[in-house]
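Everything numeric here is computed off the predicted structure, so don't read it as measured data.
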Amino acid sequence: MKMMKTALATAIVSSLFMGVTAHADGHEISDNELRIGYLADMSGTYRDLAGPNGEEALKMAIEDFGGKVKGKNITVMSADDRNSPDVASSTVREWIESDKVDMIQGLVASSVSIASTKVMNGTDTMGLVNGSAASSITNEHCTPNHIHWTYDTYPLANGTASAVVAEGGKSWFMVTADYAFGHALESDVTRVVESNGGEIVGGVRHPLSTDDFSSYMLQAQSSGADVVGLANAGGDTVNSIITAGEFGLAQAGQTVAALLLFLTDVHALGAETAQGIQLTTGWYWDKDKDARAWADRFYDRTGARPSMVHAGIYSSTMHYLKGVEATGSDKASDVRAWMADNEINDMFAKGGYVREDGRMVHDMYLAEVKTPAESENEWDLYKIVRTIPGDEAFRPLSQSKCSLVK
């Protein structure tokens with residue numbers, strides 16, 4: 001009887017110990033499946049910079065990882081956010097509550113990302129922001145549920161605006177997209193211009209997806225500013241540059257500074273129109289052999305070279321999947337902790353790391369669009385002028401308003 005009691009006690013202690021060990025190893029993958037939602041502008045102004053090809057980059061990462069994680073299937077669902085915060089937040093809420101989505105990828109318009117991450121905050125869903133630019137996403141709008149991966153407005157201003165001011169562009173007129181991203185970029189540019197001895201002499205704000213920039217360019221022209229700064233993106237930037245060319249701003253001695261210009265935008269403009277424009281980018285497909293090798297596979301699949309957003313989607317998805325594999329969990333807090341504890345060394349970044357505010361810190365690049373004579377093919381568009389080390393590029397934590405920063 002005494003032996004039976006001893007054996008029973010041993011069994012109880014062993015089961016308790018096993019339970020504690022299992023808990024310490026992390027939570028299991030919920031619903032026996034990892035579910036990923038891809039949310040982006042699939043048909044509007046920002047379609048080319050992320051859009052359907054961003055979903056292809058996501059699927060490439062899943063396939064390269066092996067199609068499963070910890071033996072569990074990975075499923076992908078996607079939605080067009082139509083650049084609407086209301087559409088985005090309702091989609092994210094439905095995905096979390098009804099579809100039990102574990103991770104949301106893409107997230108392009110900054111207003112969409114801010115609305116979406118507010119819904120994710122406090123849930124077990126992780127958000128990986130790749131298309132958005134507003135630096136506030138990991139500043140006043142930070143949450144423990146999302147990471148901002150590819151770029152933001154702080155290094156765009158540090159790179160492009162500081163370079164233009166250094167070349168003599170002291171007075172600026174801003175043409176700004178009238179929502180969170182444009183406001184953030186305008187604010188960061190103002191900071192850089194004024195700290196370098198320049199001034200903002202005027203500006204206008206325009207709605208997202210504006211077709212006619214004539215009145216805005218007339219105001220920019222009449223301002224007499226050295227520089228016309230474009231704090232917009234995608235189709236709006238392309239239309240702005242074309243209109244600036246039609247009004248002869250460059251011929252009149254004004255510099256047009258495209259503060260956020262994607263490879264897809266430059267390709268749409270062509271080297272003849274875009275030549276000489278300086279820009280800051282988080283990645284370029286031809287920057288090194290690892291980038292080229294991945295970009296070649298992407299090209300074979302899509303018929304286009306990847307933007308920095310496409311590359312960021314692939315990179316962040318791979319790092320996330322490694323985190324799920326390592327922790328055995330799809331719980332946002334478990335995976336984010338692993339992602340922050342492990343460096344990123346892949347085709348996108350070398351020595352990248354995730355800070356406590358959710359900012360993924362990596363090198364940025366000041367690039368210049370090649371002339372038609374320098375360009376060997378339709379996608380051979382950039383020459384890298386200089387590398388901006390990650391710790392210099394992004395907002396220092398000492399200036400952070402993020403509640404997660406101690």
From [X] atom [atom1] to [Y] atom [atom2], the distance as rounded to the nearest 0.5 Å:
{"X": "L185", "Y": "T160", "atom1": "CG", "atom2": "OG1", "result": "9.0 Å"}
{"X": "W149", "Y": "Y320", "atom1": "CH2", "atom2": "OH", "result": "12.5 Å"}
{"X": "L366", "Y": "I384", "atom1": "CG", "atom2": "CD1", "result": "8.5 Å"}
{"X": "M120", "Y": "W95", "atom1": "CE", "atom2": "CH2", "result": "9.5 Å"}
{"X": "K118", "Y": "H141", "atom1": "NZ", "atom2": "NE2", "result": "6.0 Å"}
{"X": "M339", "Y": "T327", "atom1": "CE", "atom2": "OG1", "result": "10.5 Å"}

Taking atom types as modelled, is there a side-chain donor on [X] or [Y] under 3.5 Å from an acceptor on the other?
{"X": "E186", "Y": "T176", "result": "yes"}
{"X": "S329", "Y": "E28", "result": "no"}
{"X": "N232", "Y": "H206", "result": "yes"}
{"X": "S135", "Y": "T153", "result": "yes"}
{"X": "N345", "Y": "K350", "result": "no"}
{"X": "H267", "Y": "T264", "result": "no"}

Which atom of [X] lies closest to which atom of [Y], heavy atoms considered:
{"X": "A109", "Y": "S132", "value": "O-OG, 3.4 Å"}
{"X": "D178", "Y": "H183", "value": "OD1-NE2, 2.8 Å"}
{"X": "L263", "Y": "P306", "value": "CD2-O, 3.5 Å"}
{"X": "M308", "Y": "G282", "value": "SD-N, 3.1 Å"}
{"X": "Y284", "Y": "W379", "value": "OH-O, 3.4 Å"}
{"X": "A393", "Y": "N158", "value": "O-ND2, 3.2 Å"}

Judged by atom type as modelled, is there a donor-acceptor pair below 3.5 Å linking the side chain of [X] to the main-chain atoms of [Y]?
{"X": "E325", "Y": "K70", "value": "yes"}
{"X": "S316", "Y": "L128", "value": "no"}
{"X": "N145", "Y": "M126", "value": "no"}
{"X": "S110", "Y": "A180", "value": "no"}
{"X": "Q254", "Y": "A225", "value": "yes"}
{"X": "T210", "Y": "P207", "value": "yes"}
{"X": "Q275", "Y": "E272", "value": "yes"}
{"X": "S195", "Y": "V192", "value": "yes"}
{"X": "T273", "Y": "G270", "value": "no"}
{"X": "S136", "Y": "N139", "value": "no"}

* To do: Please test K383 against E368 for salt bridge (Lys or Arg N to Asp or Glu O under 4.0 Å), starting from the C-alpha separation and ending with a verdict.
  => CA-CA 5 Å; K383 49 188 175 186; E368 185 176 300; 3.8 Å; yes

* Sort out for me which residue in T237, T243, N239, V238 forms a side-chain contact (heavy atoms from CB on, under 4.5 Å) with I241. =>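 Result: among T237, T243, N239, V238, T237 is the only option passing the side-chain contact (heavy atoms from CB on, under 4.5 Å) with I241.
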
* Check each of V129, N130, L39 against S113 using the side-chain contact (heavy atoms from CB on, under 4.5 Å) test, and report the only one that passes. =>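 Checked V129, N130, L39 against S113; only one passes side-chain contact (heavy atoms from CB on, under 4.5 Å): V129.
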
* How far apart are the C-alpha atoms of M77 and Y38, what are their side-chain angles, what is the distance that settles it, and do they pass the side-chain contact (heavy atoms from CB on, under 4.5 Å) test? -> CA-CA 6 Å; M77 55 192 74; Y38 178 73; over 6 Å; no

Are [X] and [Y] within salt-bridge range, i.e. N to O under 4.0 Å?
{"X": "R292", "Y": "D296", "answer": "no"}
{"X": "R359", "Y": "D152", "answer": "yes"}
{"X": "E55", "Y": "K59", "answer": "yes"}
{"X": "D41", "Y": "R47", "answer": "no"}
{"X": "D363", "Y": "K287", "answer": "no"}
{"X": "D330", "Y": "R35", "answer": "no"}
{"X": "D380", "Y": "K370", "answer": "yes"}
{"X": "R301", "Y": "E56", "answer": "yes"}

* **Chi angles and distances behind the salt bridge (Lys or Arg N to Asp or Glu O under 4.0 Å) call for D102, K331** => CA-CA 8 Å; D102 302 300; K331 188 176 174 66; over 6 Å; no

* **Ring centre gap for W338 and H319 strictly below 6.0 Å** =>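 Yes, close enough.
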
* Looking at the rings of Y353 and H362, which for Trp means the six-membered one, are their centres under 6.0 Å apart? ->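 Centroid separation for Y353 and H362: 6.0 Å or greater.
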
Quick one: are [X] and [Y] in side-chain contact, heavy atoms under 4.5 Å?
{"X": "T91", "Y": "D81", "result": "no"}
{"X": "L107", "Y": "S116", "result": "yes"}
{"X": "D236", "Y": "T45", "result": "yes"}

* To do: Mind telling me whether W294 and Y314 have parallel, tilted or perpendicular rings, with 30° and 60° as the class edges?
  =>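 Plane angle between 30° and 60°, so tilted.
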
* Asked: Checking salt bridge (Lys or Arg N to Asp or Glu O under 4.0 Å) for the pair R355/D357: CA distance, chi angles, key distance, verdict?
  -> CA-CA 5 Å; R355 297 192 314 202; D357 61 348; 2.8 Å; yes

Within 6.0 Å of [atom1] in [X], more than 12 heavy atoms from elsewhere:
{"X": "R297", "atom1": "CZ", "answer": "yes"}
{"X": "K401", "atom1": "NZ", "answer": "no"}
{"X": "E376", "atom1": "CD", "answer": "no"}

* Quiz item: cation-pi between R191 and Y154, 6.0 Å / 45° ->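 R191 over Y154 ring: yes.
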
* W285 ring centre to R305 NZ or CZ under 6.0 Å, with the angle to the axis within 45°? ->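 That pair qualifies as a cation-pi contact.
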
* **Check against salt bridge (Lys or Arg N to Asp or Glu O under 4.0 Å), K322 and D346** => CA-CA 12 Å; K322 289 175 183 177; D346 59 11; over 6 Å; no

* To do: Would you check, one step at a time, whether the test side-chain contact (heavy atoms from CB on, under 4.5 Å) holds for V164 with W172?
  => CA-CA 10 Å; V164 172; W172 287 59; 3.7 Å; yes

* To do: Please test L156 against Y151 for side-chain contact (heavy atoms from CB on, under 4.5 Å), starting from the C-alpha separation and ending with a verdict.
  => CA-CA 8 Å; L156 296 180; Y151 71 106; 4.0 Å; yes

* To do: Could you check I74 against L321 for side-chain contact (heavy atoms from CB on, under 4.5 Å), going step by step and ending with a plain yes or no?
  => CA-CA 10 Å; I74 304 170; L321 293 175; 4.0 Å; yes

